[in-house]
Amino acid sequence: MSIENNPLLNEAGNKYNSVPFSKIKAEHFIPALNHSIEQAKKIIDSIADSNNPTFENTVVAFENAFDDIEHIVTVYYHYFASIADDSIRALVSEISNINTKFNNDIYLNENLFKNIKSIYEDRDNLNLDSDDNRLLEELFNSFIRSGANLSADDKNQYREITEELSQLSPKFSNNVLNATNDINEYWISNKDDLKGLPENSIEAARLYAGKKNRDTEWCFTLDTNIGIILKSCENRSIREDVYMKYGSKCNGGKHDNSDILKKISLLRDKKAKLLGYDTHADFVLDRRMAKSKSNVYKLINDLIEPSFKAAKDDYDSICSFAAKVDSLNDIMPWDVQYYSDKLKKQKYNFDEESLRPYFKSENVINGVFKVANKLYGLEFEKTDLADKFHPDVNVYEVLDEDNSHVGILYEDLFPRNTKRGGAWMNPLRSQGMVVGNEVCRPHISLTCNLTKPTEDKPSLLTYREVETVFHEFGHCLHGLLSDRKYKKISGTSVFWDFVELPSQIMENWVGEEGALELFAHHYETGEVLPKDLLQKLKKSKNFRSGSNCLRQLTFGYLDMAWFGKHNNVDDVDKFEKMAIEKTMLKEQDTPGASISTMFGHIFAGGYSAGYYSYKWAEVLEADAFEKFKEDGIFNQDTAKSFRDNILSQGNIKHPLDLYRKFRGREPKVEALLKREGLLKTSTV
């Protein structure tokens, strides 16, 4: 295949030089990656062989040497997450292995590190600006953390470990996707078994079954309907079946992740020791706001007492309610959501399903754009001048209030069987300098798996789905509004326990009347969300907040158990049970159900020894949003300060310094406890 005609290596030829998705095929990735690596090696060799290393010919040259490689790998993993047919998924191990071997060749190159180190040690005598200094710091640290200071024998061992890890994480992800696809279609043939389920879900299931030529049945796709079934289906055996199918995937069977995650845990621990750290958590936390395991546990332990007490009260109330209405005296995990939802409806005379007609997905997207406009003056103009990677996708050019180009936003909202579950932001092109010293604007993807439209109804979202859109859009703003010189320190390339601040703070606007009136309009009548519904929503907002917090703390404890200790785990289920014992309200007999075996955040994503980040960021965003509430949720000065001090700054400084500049002080936990209704039970 001709390299000259490879779309991954040529200018796209459109207005934005965006990814030419319609031209890219699976067979383009490996040749493009190998070619780009060969070209980069020539540049790296010239940098390493230089006898007169300078900031420009070494550090800047190094930063720009990987433009094509980063582009190819970024586009591939975007395909892998969003449109992963068999031909794309078949490449993941090879691409991961090629990339890891190349990274090892770079970061373990002694002459290259010697030249970078010489510049780093002489940095005080160089005329560097703040971006230059930070880039140099980050580059030097990345070499140290990638084994550059190891002995020859230890470097060989480091290579072996990292190359094996590069194979294991994609295998873990593939198993989760395959297992999800295997169980994703849940068939119901008896109409009586549909009792309690929302009409729109039943209709969508009927239409989906019809496409499978089974017109007398209903087929629920669990990637979007598991919560609806557990919350609404009156048939207890169906709830149990769905819970166990979903909760036990990848724990045994052909897509078992048990041995893979054990290996990941052991190899990460071994790698950390090579680099001079006690555990993988110590290695990770050395580059986090939290800094140490003791600080992570302090956060979790500060929250566990008020959360556990509130969650226990929640649980007792649900048990009493189930006994009263259905004489059920033995609550199981598949009953909790169901009776919780019924109790909530009774307690507040409110059903969250009543909100759906006011949350048409197109209106929600327009709403989040309007919120961004009122805060930051941004405009979002739909464009056909950039390629789409799927027909469902919309593309927008983002403009600043002076009509200058900010970036490109891809919006991809609905599930499909080639797309992994969940929601995420992905920078298809990060903001910053490329070859030629041109500072480019970012191209960002907003990806969700929301309720799909049916033949007779548009996509109508749950309140939680609306929060998800705002959350991921917050990440997008962090990427779009970045204003740094270099990609390595731009956008979301920040400490991991800081990266969720811009996303989680955006969720707050969903509960504010001034924001809701911009987009929460009935999809048929255009009526704004009635105030009585809004008041019921607000009153019910903290229902089971202790339980929700306890759930996050459960994940935090489990994460730290896998990566904050020296483990040689034999039985994953027993280990998990011991790890989360502090958060268990009741001993449950659910053999086969496992969190670890599908916990992609920590075994295949970037959250290992970092799941606490969500709670850490909640402390930050609740405290930060207090400032918006004090000044007005659309206060221009406050929004400008948040943009100037947080969103645009990337990794130019330690995040605590950035936060102090916005807030005028360090964050306090009280705002979060107050918002969650936990302050009265707190000892903090």
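Worth saying up front: this structure is predicted, and the values here are computed from it rather than measured.
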Original post:
Counting only heavy atoms not in D456, do more than 12 fall under 6.0 Å of its CG?
Top reply: yes
Original post:
So, are K344 and D341 salt-bridged, with charged N and O less than 4.0 Å apart?
Top reply: no
Original post:
Are a donor atom and an acceptor atom from the side chains of E465 and T468 found within less than 3.5 Å of each other?
Top reply: no
Original post:
Are H601 and Y614 close enough that a side-chain donor and a side-chain acceptor fall under 3.5 Å?
Top reply: yes
**OP:** Applying ring pair (Phe, Tyr, Trp, His ring centres under 6.0 Å), run through F80 and F29 and close with a yes or a no.
**Re:** CA-CA 12 Å; F80 184 67; F29 284 102; over 10 Å; no
Subject >> F519 side chain near V466 side chain, heavy-atom distance below 4.5 Å >> reply: yes
Subject >> Between S82 and H390, a side-chain donor and acceptor under 3.5 Å >> reply: no
Subject >> Test: D223 and K419 ion pair at under 4.0 Å >> reply: no
**OP:** Mind listing the closest non-hydrogen atom pair of R416 and N449 along with its distance?
**Re:** N-OD1, 4.3 Å
Original post:
Minimum heavy-atom separation for N251 to G592, with atom names?
Top reply: ND2-O, 2.8 Å
Subject >> Candidates L409, T447, T492 - the one meeting side-chain contact (heavy atoms from CB on, under 4.5 Å) with M425 >> reply: T492
Original post:
Is there a donor in the side chain of D193 and an acceptor in the side chain of N235, or the other way round, less than 3.5 Å apart?
Top reply: yes
Original post:
Can a salt bridge be assigned to the pair D241 and K245 using a cut-off of 4.0 Å between side-chain N and carboxylate O?
Top reply: yes
